[in-house]
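Right, one structure below, let's go through it.
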Amino acid sequence: LSHILTSRGAQVTEIPIYKTVYGAKGNAELKELIIQKPHLYVTFTSASTVRGFIVKIDDPDLEDKVKSYTVIAIGPVTAQEAEKLGFKKVITAKTYTVEGLVEALNNYAIS
């Protein structure tokens, strides 16, 4: 956004208000869940949650497995990140809210 605004003549000052950090807590549990359970769907609420999910897996074999899961994304930016990172089937919620995400999951899972 700042690049677009600057290119249109605006003076922009970026002030970072948070930093996403992917901790190691839960990595073993996530890997075990992927190995033990045949998941068909995974939901993401932001592009950073997609990246964090892949970072936490940290195993090429498991990463290939989860990329065959169906992704339900809260919105188009999240869906684009999932596609960029190699997920094969990505569904985008019609309304970009948690309720829209749940509705998309329900609609897709029922059909």
Side-chain angles (χ1 to χ4, degrees):
L1 180 60
S2 63
H3 173 71
I4 293 169
L5 292 171
T6 302
S7 72
R8 294 183 180 176
Q11 189 173 23
V12 177
T13 302
E14 291 189 43
I15 303 171
I17 57 172
Y18 72 91
K19 178 181 178 182
T20 302
V21 177
Y22 306 115
K25 185 175 181 182
N27 289 13
E29 292 88 347
L30 177 60
K31 290 177 185 181
E32 188 63 27
L33 191 61
I34 292 167
I35 292 166
Q36 297 296 326
K37 306 275 186 184
H39 297 296
L40 301 175
Y41 309 101
V42 62
T43 60
F44 293 116
T45 56
S46 69
S48 65
T49 61
V50 179
R51 289 187 298 272
F53 184 73
I54 296 300
V55 166
K56 284 190 131 338
I57 293 170
D58 192 32
D59 180 319
D61 293 332
L62 293 181
E63 190 176 313
D64 287 343
K65 180 178 179 180
V66 298
K67 287 183 179 178
S68 69
Y69 295 173
T70 298
V71 168
I72 311 292
I74 199 166
V77 173
T78 306
Q80 184 178 32
E81 186 68 15
E83 290 168 349
K84 181 177 121 184
L85 291 177
F87 285 91
K88 310 279 186 276
K89 179 144 189 152
V90 180
I91 309 297
T92 306
K94 290 181 183 173
T95 56
Y96 313 147
T97 62
V98 172
E99 292 81 11
L101 186 73
V102 171
E103 182 180 341
L105 179 59
N106 284 332
N107 290 341
Y108 186 79
I110 292 171
S111 61

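Nothing here was measured: the structure is a model prediction, and the numbers come from that model.
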* Are I54 and V71 in one and the same hydrophobic cluster, where Ile, Leu, Val, Met, Phe, Trp and Tyr link if side-chain heavy atoms are under 4.5 Å apart? -> yes
* Structure fact -> For E103, the side chain to side chain donor-acceptor pair (under 3.5 Å) test, sequence neighbours excluded, returns none
Please tabulate, for the side chains in residues 88-102, all donor-acceptor contacts under 3.5 angstrom to protein atoms that are two or more places apart in sequence or on a different chain.
| residue | atom | partner | partner atom | Å |
| --- | --- | --- | --- | --- |
| K88 | NZ | G86 | O | 3.3 |
| K89 | NZ | Y108 | OH | 3.1 |
| T97 | OG1 | E99 | N | 3.4 |
| T97 | OG1 | G100 | N | 2.9 |

* **Pair V66-V42, side-chain contact (heavy atoms from CB on, under 4.5 Å): steps then yes or no** => CA-CA 9 Å; V66 298; V42 62; over 6 Å; no
* Going by the salt bridge (Lys or Arg N to Asp or Glu O under 4.0 Å) test, which pairs reach into residues 69-80, not counting sequence neighbours? -> none
* Structure fact -> side chain to side chain donor-acceptor pair (under 3.5 Å) filter on S48, not counting sequence neighbours, yields S46
* Asked: If you measure from CD1 on I34 to OH on Y69, what distance do you get to the nearest 0.5 Å?
  -> 5.0 Å
* Structure fact -> For K31 and D58 the tightest heavy-atom approach is NZ-O, 3.9 Å
* **Listed partners of Q11 passing side chain to side chain donor-acceptor pair (under 3.5 Å), at least two apart** => none
* Asked: Taking only residues two or more places apart in sequence or in another chain, which ones pass salt bridge (charged side-chain N to carboxylate O under 4.0 Å, His left out) with K67?
  -> E63
Using atom types as modelled, flag every donor-acceptor pair under 3.5 Å from a side chain in residues 75-82 to any protein atom, sequence neighbours excluded.
| residue | atom | partner | partner atom | Å |
| --- | --- | --- | --- | --- |
| E81 | OE2 | R51 | NH1 | 3.4 |

* Structure fact -> Sorted by chain and number, sequence neighbours left out, side chain to side chain donor-acceptor pair (under 3.5 Å) with E29 holds for none
* In terms of the angle between their ring planes, are F44 and F87 parallel, tilted or perpendicular, with boundaries placed at 30° and 60°? -> perpendicular
* List in chain and number order the residues that pass side chain to side chain contact (heavy atoms under 4.5 Å, CB included) with D64, two or more places apart in sequence or in another chain; answer none if no residue qualifies. => none
* Under a 4.5 Å side-chain heavy-atom rule over Ile, Leu, Val, Met, Phe, Trp and Tyr, are L30 and L85 clustered together? -> yes
* Taking the side chain as every heavy atom from C-beta outward, state whether I72 and T70 have any pair of such atoms under 4.5 Å apart. => yes
* Could you pull out all residues at least two apart from D59 that satisfy side chain to side chain contact (heavy atoms under 4.5 Å, CB included)? => I57, D61, L62
* For S2, what residues pass the side chain to side chain contact (heavy atoms under 4.5 Å, CB included) criterion, not counting sequence neighbours? -> V12, E14
* Residues clustering with V21 (ILVMFWY side chains joined when closer than 4.5 Å, directly or via others) -> none
